[in-house]
Amino acid sequence: MSNSIESVINEADIPMPMERSSRKFALGDLAFRWTALSFAFLVLLLLAGIIFMLVQGAMPAFQEFGLGFLTNETWDPVKEEYGAWAPIMGTLIAALIAMVIGLPLSFGIAIFITEMAPQWLKRPVGMAIELLAAVPSIIYGMWGLFFFAPFFAQHIQPVLVATLGNVPLIGALFQMPLVGGASGVSVLTAGIILALMIVPFMASVMRDVFDIVPGVLKESAYGIGATTWEVVWNVVLPYTKAGVVGGVMLGLGRALGETMAVTFVIGNATVLATSLLEPGNTIAAKLANEFNEADGLQMDSLIAMGLILFVITFIVLMLSKLMLMRLAATQEGRKT
Amino acid sequence: MTMFRMTLIAGAMLAAGAVQAAEVTTINGAGATFPYPIYAKWAEAYNKETGVKLNYQSIGSGGGIKQIKAKTVDFGATDDPMKGEELAEIGLVQFPAIMGGVVPVVNVVGVEAGKLKLDQAVLADIYLGKITKWNDEKIAALNPGMNLPEKLISVVRRSDGSGTTALFTNYLAKISPEWKEKVGAGKAVNWPVGMGGKGNEGVASYVKQIDGAIGYVEYAYAKQNKLAYVALKNKEGNYVLPDGDTFAAAAANADWKSEPGYGVVLTDQAGAQAWPITGASFILVYKEPKSCEQTEAVLKFFDYSFKKGSQVALDLDYVPMPANVVQQIEATWAAEIKCPGVSAYQK
């Protein structure tokens with residue numbers, strides 16, 4: 001009796017095959033956990049490194065010009081006086097134009113593909129959108145410079161000047177350009193090219209999230225007599241808003257940071273003209289143009305502008321998170 | 001065992017000796033984009049003759065200066081000459097390798113290459129934004145009988161920092177006190193008007209496209225893109241057209257010894273046929289290089305190019321350095337560069 005008990009105890013001391021393998025798993029698990037953790041930290045480290053480098057590089061410029069760096073429009077490498085106002089505003093305005101044009105376009109494309117297109121058309125249109133997203137930005141830039149800008153100058157610009165140019169308040173934005181003349185190279189052109197570049201991104205993200213709306217939800221809405229628009233506005237959008245906001249932010253991020261295509265069509269003039277049809281500049285385009293040959297205070301000022309772009313992007317990201325949180329909160333409120 | 005060890009040591013010593021005596025097979029340079037086509041041609045010919053390769057990165061003058069300062073290349077190249085005190089401080093020798101011209105180009109309906117005449121005041125006023133239309137009476141006065149349209153002048157310039165801009169603004173600052181005071185000269189300036197194209201090709205494509213544009217590019221780009229260059233009034237009051245002869249005329253009277261490191265900017269030079277916006281492109285090497293073999297190889301390459309590369313340079317619309325200047329340059333090498341092989345250039 002006692003023997004058998006002992007033997008049982010002894011047996012219990014020997015690890016069971018199951019336990020042994022689970023310990024092995026634990027080891028693998030641990031290794032995996034640490035690897036994943038170190039990868040995640042690598043991202044944080046990289047971000048910290050970039051911030052550190054930008055802040056350190058930008059310090060001399062901010063020490064020299066103070067916060068006036070943000071609001072000074074002059075950029076004079078000869079007299080060593082630098083201000084970022086014109087490129088900051090150029091970046092924001094071009095991105096805003098891109099969003100104003102690109103958002104409805106991509107929304108329409110996504111709705112068409114998911115809700116309205118006949119089955120045989122869905123794939124080709126979807127493929128075309130994805131292919132457009134893969135076109136390198138320099139191609140957009142060259143197409144913009146060689147084809148779109150002259151077309152814009154000849155056919156669109158005169159119409160804009162003759163119509164919107166006479167509207168009170170916004171008329172000033174659409175005056176005939178004195179500097180750009182008949183070139184079609186302008187802030188508005190850059191905004192339009194940017195819109196075309198971000199539409200594929202936003203449209204394909206929106207299509208993907210619209211696709212995950214359960215059919216049963218939509219069918220119930222259609223069943224009680226809702227129109228396509230009502231279904232999209234009241235069922236699809238509320239269900240997918242997080243994804244849609246994510247897609248829009250992806251597009252906005254690209255619009256803010258896009259460099260090559262913009263530098264081709266914006267005219268690279270570091271001034272802030274009232275008319276959108278005049279040449280301007282963006283932070284990214286200015287960096288790309290001047291980085292090579294800059295040194296001393298000019299280099300510091302360029303890095304400071306890089307920091308500003310970083311901060312702008314960060315603010316945009318924060319705002320989108322805030323928006324999502326508020327959306328979630330109101331939904332909670334509605335439920336209760 | 002000892003035998004083995006000795007063989008090893010002997011082998012290592014042999015190997016080290018072999019490394020030291022090894023022929024230089026590649027020389028590395030970086031800098032200005034403007035002379036890149038001719039350096040590439042020279043390198044091709046030199047490689048055929050000697051087997052030595054030139055690896056030249058045309059990353060811009062500023063980049064060339066940065067790289068030679070960082071000692072990552074055997075020579076740097078810049079269009080904008082470095083100042084004497086800076087050369088002395090870093091311990092660099094600077095010499096010109098090739099010359100060329102910058103030309104204003106226009107796109108005005110009915111105006112062919114070389115037909116439009118501009119003088120100093122009008123060119124400066126256009127770039128200052130004071131003359132805004134092609135049928136301005138100041139332009140018309142210089143071009144009697146020419147049918148100039150009532151079109152806005154679209155001023156085009158470089159958006160990136162550039163030796164071409166340095167040359168062009170240096171000229172404007174020399175001929176216009178107002179330009180000198182308001183804008184000044186440099187690789188990048190605060191332009192009063194106009195839009196910027198990236199690189200010579202960017203400016204060339206804007207000018208080609210925009211009806212009523214004026215820009216400035218290296219002569220080679222104007223020629224390749226068949227742009228309408230203008231005739232400029234030079235220091236002696238003659239209207240001259242850009243070509244190899246007028247560039248050479250500008251260089252003919254240059255007093256290279258007047259600036260340390262031959263840092264003479266050849267704009268607005270005297271000479272009846274002198275093209276007013278001419279300039280040289282410069283090479284930078286260390287006085288006490290970390291590898292004498294490499295620097296000697298660089299000098300051999302330029303010696304070969306100076307003596308045998310003139311025709312190629314002329315074919316590409318550059319102006320080779322005259323023989324007497326080459327002599328001065330090589331005497332400078334012998335005097336200043338502390339390497340045993342360089343004394344061969346002593347005259």
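Naming convention: chains lettered A, B, ... in sequence-line order (proteins, then strands); numbering from 1 in each chain. From a predicted model like this one, the values you see are computed outputs, not experimental measurements.
At most 12 non-hydrogen atoms from other residues, nucleotides or ligands lie less than 6.0 angstrom from OH of Tyr36(B). For Trp85(A), the CH2 atom counts as loosely surrounded, since its 6.0 Å shell holds 12 or fewer non-hydrogen atoms of other residues, nucleotides or ligands. Open room surrounds CE on Met142(A); 12 or fewer heavy atoms of other groups in view lie less than 6.0 Å from it. Atom CG of Asn55(B) has more than 12 heavy atoms from other residues, nucleotides or ligands within 6.0 Å. The environment of Lys180(B) atom NZ is sparse: at most 12 non-hydrogen atoms of other residues, nucleotides or ligands sit within 6.0 angstrom.
Here the shortest heavy-atom pairing between Lys79(A) and Val183(B) reads NZ-N, 4.0 Å. The two residues Gly184(B) and Val78(A) make their nearest non-hydrogen contact at CA-CG1, 4.1 Å. Phe264(A) approaches Tyr206(B) most closely through the heavy-atom pair O-OH, 2.8 Å.
Rounding to the nearest 0.5 angstrom, the gap separating the CD atom in Glu293(A) from the OG1 atom in Thr33(B) is 7.5 Å. Note that NZ of Lys66(B) and CE of Met299(A) are 4.0 Å apart. Values are rounded to the nearest 0.5 Å. Interatomic distance, Leu152(B) CG to Met176(A) CE, rounded to the nearest 0.5 Å: 7.5 Å. Of the inter-residue distances, the one linking Leu145(A) atom CG with Lys198(B) atom NZ reads 14.0 Å to the nearest 0.5 angstrom. Between the CG atom in Asn268(A) and the CG atom in Asp160(B) there is a gap of 8.5 Å [rounded to 0.5 Å].
With a threshold of 4.5 angstrom between heavy atoms, Ala213(B) does not approach chain A through any atom at all. The contact between Lys182(B) and chain A is made entirely by backbone atoms, counting heavy-atom distances below 4.5 Å. If you measure heavy-atom distances from Lys286(A) to chain B, you find no contacts under 4.5 Å at all. Contacts of Phe146(A) with chain B are made by both backbone and side-chain atoms, with heavy-atom separations under 4.5 Å. Looking at Ala285(A), neither its backbone nor its side chain comes within 4.5 Å of chain B, counting heavy atoms on both sides. For Thr132(B), no part lies under 4.5 angstrom from a heavy atom of chain A. With a 4.5 angstrom heavy-atom cutoff, Arg157(B) touches chain A only via side-chain atoms.
Of all the listed residues (Gly64(B), Ser205(B), Gly196(B)), the one sharing the greatest number of non-hydrogen pairs under 4.5 Å with chain A is Gly196(B). The choice from Gly161(B), Gly63(B), Gly199(B) that makes the most heavy-atom pairs within less than 4.5 Å of chain A is Gly161(B).
For residues 60-77 of chain A, a heavy-atom distance under 4.5 Å to chain B picks out Thr74(A), Trp75(A), Asp76(A), Pro77(A), given by residue number.
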